[in-house]
Amino acid sequence: MDERLNELDYYRSQCDELGGRVLRLQEDVTQARREAQRHRTLAMIVQELYTFAHDAECLDSPSGTLEDAFLMLMVERLQVDCAALLRWQPDSSGFRVEFGLGVASGLWLPAPPPAEAGGTTELPATTLSAAGLATGLWVVAPPSSLSLLLGHRQLRTPQRKRLEDGNRPIAETALKVYNGLLEQHQAALALRASEANYRTLFEGAQDAILVLDSRDRSLLDANQRALELLACPLDELRRQAPSAWLVPADLARWKSVWEAALAGHPQRVETRIRPASGRLLWTEINVKRIDTDRRLLLAVVRDISARKQSEEALKRVQERLDLALEGAEVGLYDVNLETGELVVDERYLRMVGGDPQLIATTLEDWLKRIHPDDRPTVQRLRDEALTGHRQKIELEYRVRHQSGAWIWILDRGKGFDWDEAGRPRRAAGTCVDITARKTNEASIHRLAFYDSLTDLPNRRLFLDRLSNAHAAARRGGYHGAVLFLDLDHFKQVNDARGHEAGDHLLQEVAARLTPLLRTEDTVARFGGDEFVILLVNLTRSAQEAPAFARSVAEKVRQALASPFQLQEGEFVLGASIGVTLFCGTERSVHDILREADTALYQAKASGRNSVHFFESSMQVAVEARFDLEGELRHAVDREQLRLFLQPQVDAAGHIVGAEALLRWQHPSKGLISPAVFIPLAEETGLIVPVGQWVLNQACQILAGIAGRGQSLRISVNVSPRQFRQADFVASVREVLARTGVAPACLVLEITEGLVIEDLQHTIDKMHELKACGVRLSLDDFGTGYSSLTYLKRMPIDELKIDRSFVRDAPVNDNDAALVEVMLSVSRHFHLEVVAEGVETLDQLNFLKAHGCRCFQGYLLGRPMPAETFLSLMDDGSDQGRLSDLQTSGA
Ligand SMILES: Nc1nc2c(ncn2[C@@H]2O[C@@H]3COP(=O)(O)O[C@H]4[C@@H](O)[C@H](n5cnc6c(=O)[nH]c(N)nc65)O[C@@H]4COP(=O)(O)O[C@H]3[C@H]2O)c(=O)[nH]1
């Protein structure tokens, strides 16, 4: 029994044990089932999360966020009331609900900080209640700062509690998976954003962008601008090699560009391309290797055709400008005013000599090469420009050429790049070589103000200086003087030895005068042999002034009195000098000059080679002369001239001719002698119309005589000036033709002096006159340089023995001998002779005794009005009776 009991106990215990085992086994199975369930749950959660994340990545607009999906899965699969993702807020020592399902997002929950390491920490009841939860499962997954809170609003049974505890590993794993997916999702989002940005940039770029595969240089991608630029769709472009749109000539160059770019050296190329449109475009292409994929090249193509066109246009403008500058020989300079550095162009360099080694490179250097006289002005203008007081500079100055010569430069400069103080930092400008212009100006100035023969100031410059000196003398109370001088006998030298000798003489005179004077004085040549001297600042004393002026005048006179040795020979001149003084009087420069001229006139009149001071009485005489000159101008028009005739008779007393002698029947002054007005007419040129009148009158008288069947010769005096008129011969011809007078009845008397003045020309003209048929008579024979040589050469018909010889011939052996010689010479040359000034019978008899056959003089008849003379001629009974003729003289 016991055994049975023991056996029973044994079996009982065995059963208990077995039952216990079964129970444990059942529990294990249940546990295993729960475990499996949890794994399934976890697997489902993970799968669904992945699915969601994948879909979200693929879809452009996923339905909901990963956070929403995660929290939803937690709530559904773990059968909790609420789930939330919390983020620790260290500043406020609490959590913030980032995303909540059943808990408000953004809610702040007070809590102690989460543990550093992973794991679970119980949240205090205050935190749970703040979240509105009765129980809660809090899971962290370091290093993520996000933690997961799962919870119920009401307390649960212990079984439920176990269930929750069993969920903890699921929640932990799910949170880790979520964190991983979140990171991945965020990375994917970032990538998408970055790709979108890249695309936006790529497509929105202003430049064409091409992505090329270096292996076959095929096009992988191109932006819209590239398609427009290359005028080709992308597909088509992808099928082409770049050589399709590159210019063939550039291909070799491109090879090295590709290689360098692939080697990691970015390349920049300016080249032309020919897109599908066929139009050549200028482009700038930047080629760069894409470092993330070293087989790829990025080419950024910019259309620079417009820029190139502008550059080309600019180049052409520059070329034209260069040409223009070249043509105009304009040099350029550019100066940095802060550093003083100077840069010049080729043309400037050439202008100053062409050696770049010698060119100024600084402003100071440049200044040193400017002419010392011009430097102060240049420096002043430069300083004004530097301080901003002058915007532009335009000035002319001399610069040292590299050859050492001075050249004139016209500089036009301008400041720019102004600083805050209004000063230029830089200046640039142009320079032109104006040396030629300056030289021309100087020579024009010389021509305008200097006498070309002697290089002395001319009348214009003299008047200017006199005007200044006069004004200065008035202001300073100084006396000055004007010396008018005329060379005695210059005319003879000029005429006898030629103009060249005359010119040399004038140059010598100038050379003698200049050193006699102070530098502030002026010696000028007014033309001909007229020299005028201006003496300034003589003295303040009115008493001393005449003496000072006289001493200079004497010095001048003496200097000119000594002989001149020229290559043409030795000449002795002498000078007549008229002097006037000036100081404070209200005279014009012309008055002063006229006074000196008047004094000169007086000096000449009183025997030459002398000095005369102006006196006002002289002026009266001169003015009277001027008045006469004015009246003489109208004498012809007003018919105030009368022609008198003086008979010329032969040995038998018969009238064979007459000399026409002019008279001026002045309305108030009566009959004026030609000795008074002929020299005036000669001087003023009035002799030409007056002489023409005489010629005309004489021919009309001759015509009248011829008309009455009579015959006579009339001698007409021809003045030197009248004879020298270019149309004189023509005018004689014209009068003869018009009046129909036989030319042989007209005798033209020319003076010996005229012949000497210009022998050859006079002889030529005489021949022309002879060709007209007129007779020529040489007047005043014996008074001048009578020379048998020229007498022989002249085509004259008659000699007139001057009355000065006739007068004393009967009583003076010398004169008698001279008259004899003259008569003998005229016989030798077959010339007729008229003896002038026969006043007495002795003279007449002497002349007759020596073979003279024609006589003129008061003894035989005075000059008389033409009508009187003609009536005498008509009265044939009077002819041949010398005594009768004598009584009818004028
Ligand atoms: N003492 C003196 N004198 C006598 C005698 N016989 C004549 N005469 C003067 O001597 C001058 C002769 O003229 P001439 O030598 O040609 O000198 C002339 C002549 O050179 C010039 N002349 C006169 N008429 C003309 C003219 O129509 N044209 C030019 N160019 N000159 C003229 O004026 C000069 C002076 O002329 P006139 O006063 O008419 O003076 C005349 C005449 O009146 C005499 O017996 N004794």
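Atoms within a ligand are numbered from 1 in the order they appear, just like the ligands themselves.
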| request: Using a strict cut-off of less than 4.0 Å between a Lys/Arg side-chain nitrogen and an Asp/Glu carboxylate oxygen, indicate whether Arg594 and Asp591 qualify as a salt bridge. | output: yes
| task | Sorted by first residue and then second, give each ring-ring contact (aromatic ring centres under 6.0 Å, His included) pair with at least one member in residues 669-718; sequence neighbours left out. | result | Trp664-Phe677
| query | Glu682 and Ser719: side-chain hydrogen bond (donor to acceptor under 3.5 Å, both in side chains), yes or no, with the steps? | reply | CA-CA 7 Å; Glu682 175 79 16; Ser719 88; 2.8 Å; yes
Quick one: ligand 1 N/O to protein N/O pairs below 3.5 Å?
from     : atom 1 : to     : atom 2 : distance (Å)
ligand 1 : 1 (N)  : Glu839 : OE2    : 3.1
ligand 1 : 3 (N)  : Tyr858 : OH     : 3.3
ligand 1 : 6 (N)  : Gln646 : NE2    : 2.9
ligand 1 : 10 (O) : Arg803 : NH1    : 2.7
ligand 1 : 15 (O) : Glu836 : OE2    : 3.4
ligand 1 : 16 (O) : Glu659 : OE2    : 3.0
ligand 1 : 16 (O) : Asn717 : OD1    : 3.0
ligand 1 : 16 (O) : Asp779 : OD2    : 3.2
ligand 1 : 24 (N) : Leu662 : N      : 3.0
ligand 1 : 28 (N) : Asn717 : O      : 3.4
ligand 1 : 39 (O) : Arg663 : NH1    : 2.9
ligand 1 : 39 (O) : Arg663 : NH2    : 3.0
ligand 1 : 45 (O) : Tyr858 : N      : 2.8
ligand 1 : 46 (N) : Glu839 : OE2    : 2.4

| task | Indicate the atoms forming the closest heavy-atom contact of Arg807 with Gln843, along with that distance. | result | O-NE2, 3.2 Å
| request: If a pair satisfies salt bridge (Lys or Arg N to Asp or Glu O under 4.0 Å) and one of its residues is in residues 598-607, list it, with sequence neighbours excluded. | output: Asp486-Lys604
| Under the side-chain contact (heavy atoms from CB on, under 4.5 Å) test, residues paired with Asp797 that sit two or more places apart | Lys770, Arg775, Leu776
